[in-house]
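Remember, it's a predicted structure, so these values are computed and weren't measured experimentally. Each residue takes its place number in the sequence, starting with 1.
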Amino acid sequence: MTGAFIALAMLLFFPAALLMARRSAVDARGAALCAIFCAPIAFAFSRLSYAAFARYGLPLTVAALGSGGTIPGALAGLATGAFIYARLFRVSAGALLDVLAPPAAIFIAVAQLSWLCPWKGFPSVLPLCEALAMIPVAVVLFVRGPSVRTGDGMIACVFAYCAARVITEPFYEVSAYIGFVRVAQVSAAAYLLILTAYLLVRALLAGAKPLRSAVHAGASLCALVVAFLAMFYEGSASEMAMCVTLCACMAVMAACAFGLARADKEAQRA
């Protein structure tokens with residue numbers, strides 16, 4: 001059943017990329033070739049990231065031959081593939097990422113539904129929430145079309161998934177751990193931190209007001225620290241308090257990221 005959902009997600013990924021290419025500067029042929037080029041790289045990154053944290057004591061090369069994968073690994077592979085393709089064919093990597101962003105959001109939504117299978121041992125509401133978080137992202141990116149600042153579409157896609165994962169991960173019954181730390185939650189938080197740092201640097205280089213940008217970045221960092229503290233007290237805090245705290249932290253980070261992106265656009269127009 002899981003394989004069927006993944007196959008459906010892949011079937012939707014390619015036509016969605018072609019549909020998005022019609023609204024961008026990337027031609028349909030280039031979008032199709034880029035999607036085909038990136039798919040195996042994303043799969044390889046997904047498998048290797050899963051195998052790297054496999055809890056069965058197997059060597060990485062052996063664990064990579066099994067089953068399983070991670071969405072953060074797939075997203076990293078997708079971005080890597082897009083940058084390699086852009087370098088090889090001398091096209092804009094940001095434009096390619098914007099074309100691939102809505103298909104990636106659709107892929108994540110459909111792939112997460114595979115965890116609704118009853119034998120997986122997961123509360124069905126968790127992956128469903130993650131899937132539902134990606135659907136409006138895909139719709140908005142399709143309707144809005146390519147971003148003024150190339151690459152923002154993929155940033156929104158990755159940010160939405162990682163924020164949703166930070167919120168839902170504490171409630172999963174089965175997770176990969178390093179010590180007492182949940183790997184999926186920390187990796188999602190790391191993505192959010194990297195994206196926020198990128199938006200901050202980009203805004204400053206564009207000439208945005210340093211104080212305003214620093215306030216956005218500082219508030220985002222404080223929210224992430226609070227989220228980590230909530231993760232640390234996972235066993236002692238109530239589920240409702242944990243959920244509300246993490247939702248509030250992710251909302252603050254999303255607002256700050258939007259503020260940094262807006263400051264960057266305003267600086268470009270000035």
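Residue pairs meeting the salt bridge (Lys or Arg N to Asp or Glu O under 4.0 Å) criterion with at least one member in residues 30-41: none, sequence neighbours excluded. Pairs passing the ring pair (Phe, Tyr, Trp, His ring centres under 6.0 Å) check and including a residue from residues 9-36, sequence neighbours excluded, do not occur. Counting only residues at least two apart or in different chains, salt bridge (Lys or Arg N to Asp or Glu O under 4.0 Å) contacts with residues 251-263 comprise R262-E266. Pairs passing the salt bridge (Lys or Arg N to Asp or Glu O under 4.0 Å) check and including a residue from residues 71-92, sequence neighbours excluded, do not occur.
Heavy atoms only, all atoms of each residue included: M134 and A109 are closest at CB-CB, 4.1 Å.
Under the rule for a side-chain contact (heavy atoms from CB on, under 4.5 Å), the partners of S187 that lie at least two apart in sequence or sit in another chain are P72. Residues passing the side-chain contact (heavy atoms from CB on, under 4.5 Å) test with V186, sequence neighbours excluded: V181, F228. With sequence neighbours left out, A163 forms a side-chain contact (heavy atoms from CB on, under 4.5 Å) with M250. Among residues two or more places apart in sequence or in another chain, the salt bridge (Lys or Arg N to Asp or Glu O under 4.0 Å) test is passed with R22 by none. Evaluation of the side-chain contact (heavy atoms from CB on, under 4.5 Å) rule for L132 yields L128, I135 as partners, not counting sequence neighbours. F37 meets the ring pair (Phe, Tyr, Trp, His ring centres under 6.0 Å) test with Y85; sequence neighbours excluded.
If you run side chain to side chain contact (heavy atoms under 4.5 Å, CB included) between L260 and each of L199, L195, L204, only L199 comes through.
The residues R202 and D152 are annotated as salt-bridged, a charged nitrogen and a carboxylate oxygen being separated by less than 4.0 angstrom.
Not a single donor-acceptor pair under 3.5 Å links the side chain of S220 to the backbone N or O of H216.
In this structure the side chain of F83 reaches within 4.5 angstrom of the side chain of L97, judged on heavy atoms. Side-chain atoms of L224 and T196, non-hydrogen and from C-beta on, never get closer than 4.5 Å to each other. With a 4.5 Å cut-off on side-chain heavy atoms, C38 and L100 count as touching. Between M154 and L78 the shortest side-chain heavy-atom distance falls below 4.5 Å. At a threshold of 4.5 Å between non-hydrogen side-chain atoms, the residues Y198 and I194 do not count as touching.
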| Step by step, would you call I71 with E130 a side-chain contact (heavy atoms from CB on, under 4.5 Å)? | CA-CA 12 Å; I71 290 178; E130 293 170 16; 5.9 Å; no
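Between the side chains of S49 and T70, at least one donor-acceptor pair of N or O atoms lies under 3.5 Å.
To the nearest 0.5 Å, the span separating CZ on R165 from OH on Y191 amounts to 12.5 Å.
Grouping Ile, Leu, Val, Met, Phe, Trp and Tyr by side-chain contacts under 4.5 Å, direct or through others, puts V201 with L205. Grouping Ile, Leu, Val, Met, Phe, Trp and Tyr residues whose side-chain heavy atoms lie under 4.5 Å apart, directly or via other members, places V215 in a hydrophobic cluster with L211.
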